[in-house]
Amino acid sequence: MTSIGGAEMVDWKLAVATATRLVRPGPEIGRDAAREVVAELRRHAKTSEEHVRGFTRMTPPGGGDDPAGTNHDTPVLIVDRAGWIKANVAGFRALLGPLLEKMSDRRANVPGGAVLGAVGGKVTGVELGMLLSFLASRVLGQYETFAPATRDLPGAAGGGRLLLVAPNIVHVERELDVDPHDFRLWVCLHEETHRTQFTAVPWLRDHIEGEIQSFLGETEVDPATLLERVREAAQSLAGGRPPQDEEEGGRSIVDLVQTPAQREILGRLTAVMSLLEGHADYVMDGVGPAVVPSVTEIREKFQQRRATGAGRLDAALRKLLGLDAKLRQYRDGERFVRAVVDEVGMDGFNRVWTSPNTLPTKTEIAKPADWVARVHRKPES
């Protein structure tokens, strides 16, 4: 617990309570129909595991026949919006602990810091809850990597669980007016690819966590500045003004990077996240035509929805939270994967998973030929 005078920098329980109270209700669906959706998503998750492994040629250490080497210790959880909120608050709490401790120490040395500590955790908890309530109605699935396992939200011993947000999947399939069975399998293919990435590449989780902690360790952001960014987003959700900088091109929370070391780390993180998201999209498209009859229609409609969002407020919030960057990651990463596979084949591409040194740089994501030249260059005679 990171606190000043017994008050947490973030009241995590209040964040969960606020988000759960404010999140939009899911689509109307009968109890029997809901059970059918859950059962179908479980089946599709299992089927997707076979399809993804076959297409990517990626298997966990020990191989698919060894129970210890399968994905079964990273459970698939079919959750509602409240379940997604709980899982992500737990993940934020685990990841942000060192940063919040640093910010807490800094605030303790500021005149009036103890008073801020008494009320700041409550305020921040409410504002974080408001942001999560916005996101909780939009995420279809997520490989949750870092949060510790709990009785309500089990996970692998070393971290990891696949979340499929059933009400959001149903909402989007209705909004797009696509075949629901095809859409559910299509979503599972994308999310299962992420689970395969982390289970087949054992060093990947620790590498990403190390990069994130290094980034947070370099953070010199004044607590008031960071909280003001959160407050801007929360106020827009509450019906207040849109983020101030929207007309100037906008600044995201991520744009609070200050040090050269942070910018370097962020560049590496951006590259690896582009790789992971682009790879998932590439696999989804590669497997899709063989197993999802209406994949072309789904892909076209979903891309249009992903690009346009849901209006001015949605666009402003996506910019503030850095979600526009995530959309670019899907696009740029998929182009990288496709170009490399076309050049050196799937086995050649899979050399990307050899070690952190074979991950593409941010520059190489934009120039796949540079990665191929670096990783596949022939030794000089």
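Nothing fancy with the numbering, it's 1 onward along the sequence.
- Ring planes of Tyr143 and Phe198: parallel class, angle under 30° (limits at 30 and 60°).
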### Query
Leu163 and Val139: side-chain contact (heavy atoms from CB on, under 4.5 Å), yes or no, with the steps?
CA-CA 10 Å; Leu163 307 177; Val139 176; over 6 Å; no
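- Scanning both residues, Phe146 and Leu95, for their nearest heavy atoms gives CD1-CD1, 3.6 Å.
- The shortest non-hydrogen separation linking Ala280 to His190 is CB-CE1, 3.4 Å.
- Note that CD of Glu144 is 12.0 Å distant from OG1 of Thr74, once rounded to the nearest 0.5 Å.
- A 4.5 Å side-chain heavy-atom check between Pro180 and Arg184 finds at least one atom pair inside the cut-off.
- Between the side chain of Trp203 and the backbone N or O of Trp353, at least one donor-acceptor pair lies under 3.5 Å.
- Closest heavy-atom contact between Ala19 and Ser133: O-CB, 3.7 Å.
- For the pair Arg161 and Pro154, the tightest heavy-atom approach, listed with the atom from each and the gap, is CD-O, 3.2 Å.
- Of the possible polar contacts, one joining the Arg81 side chain to the Pro25 backbone as a donor-acceptor pair under 3.5 Å is found.
- A 6.0 Å sphere centred on NZ of Lys301 holds more than 12 heavy atoms belonging to other residues, nucleotides or ligands.
- With rounding to the nearest 0.5 angstrom, the CG atom of Leu164 is 9.0 Å from the CZ atom of Arg42.
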### Message
side-chain contact (heavy atoms from CB on, under 4.5 Å), that's the test. Do Phe302 and Val178 meet it? Break it down for me.
### Response
CA-CA 10 Å; Phe302 191 79; Val178 294; over 6 Å; no
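- Below 30°, between 30° and 60°, or above 60°: for Trp371 and Phe349 the angle between ring planes is between 30° and 60°, a tilted geometry.
- One distance of note links CG of Asn168 with CD of Glu173; it measures 11.0 Å at 0.5 Å rounding.
- Of the possible donor and acceptor atoms, none in the side chain of Asp11 sits under 3.5 Å from a partner among the backbone N and O of Val126.
- A donor-acceptor contact closer than 3.5 angstrom links the side chains of Ser294 and Asp182.
- When all heavy atoms are compared, the tightest approach of Ile29 to Ala33 is CG1-CB, 3.5 Å.
- Every residue was checked against the side-chain contact (heavy atoms from CB on, under 4.5 Å) condition with Thr296, not counting sequence neighbours, and none meets it.
- Under the 3.5 Å distance criterion, the side-chain polar atoms of His51 are left unmatched by any main-chain donor or acceptor of Val287.
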### Task
Begin from the C-alpha positions of Glu211 and Val272 and carry the test side-chain contact (heavy atoms from CB on, under 4.5 Å) through to its verdict.
CA-CA 11 Å; Glu211 292 278 55; Val272 72; over 6 Å; no
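- Met346 approaches Thr56 most closely through the heavy-atom pair CG-O, 3.7 Å.
- Ring orientation note: the planes of Phe55 and Tyr282 are tilted relative to one another, at an angle of 30° to 60°.
- Side-chain N or O atoms of Gln197 include one that pairs as donor or acceptor with a backbone N or O of Leu276 at under 3.5 Å.
- No side-chain donor-acceptor contact under 3.5 Å links His194 and Glu191.
- Val10 has its side chain out of reach of Arg93: every pair of non-hydrogen atoms, C-beta onward, lies at least 4.5 Å apart.
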#### Entry: side-chain contact (heavy atoms from CB on, under 4.5 Å) assessment of Trp84 paired with Leu132
CA-CA 9 Å; Trp84 181 88; Leu132 288 172; 4.1 Å; yes
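- More than 12 heavy atoms of other residues, nucleotides or ligands lie within 6.0 Å of CD in Glu175, so this atom counts as buried by the packing criterion.
- By the 4.5 Å heavy-atom criterion applied to side chains, Arg268 and Glu264 are counted as neighbours.
- One N or O on the side chain of Arg377 and one on the backbone of Arg374 form a donor-acceptor pair closer than 3.5 Å.
- Contact of the Leu189 side chain with the Val292 side chain is registered, since non-hydrogen atoms from C-beta on lie closer than 4.5 Å.
- Annotation: side chain of Phe183 is in contact with side chain of Leu140 (closest heavy-atom distance under 4.5 Å).
- Atom OG1 of residue Thr47 and atom CD of residue Glu40 lie 10.0 Å apart, to the nearest 0.5 angstrom.
- Arg351 places no side-chain N or O within donor-acceptor distance of the main-chain N or O of Thr358, the cut-off being under 3.5 Å.
- Within the 4.5 Å cutoff, side-chain heavy atoms of Arg24 are placed close to those of Arg138.
- Side-chain contact between Pro60 and Arg53 is present, with at least one heavy-atom pair separated by less than 4.5 Å.
- Salt bridge Arg299/Asp281: present, at least one basic N to carboxylate O contact under 4.0 Å.
- The shortest side-chain heavy-atom distance between Pro360 and Val352 falls under the 4.5 Å cut-off.
- With values rounded to the nearest 0.5 angstrom, Asp206 atom CG is found 11.5 Å from Gln213 atom CD.
- Ser274 contributes atom OG, which lies 12.0 Å from atom CD of Glu334 (distance to the nearest 0.5 angstrom).
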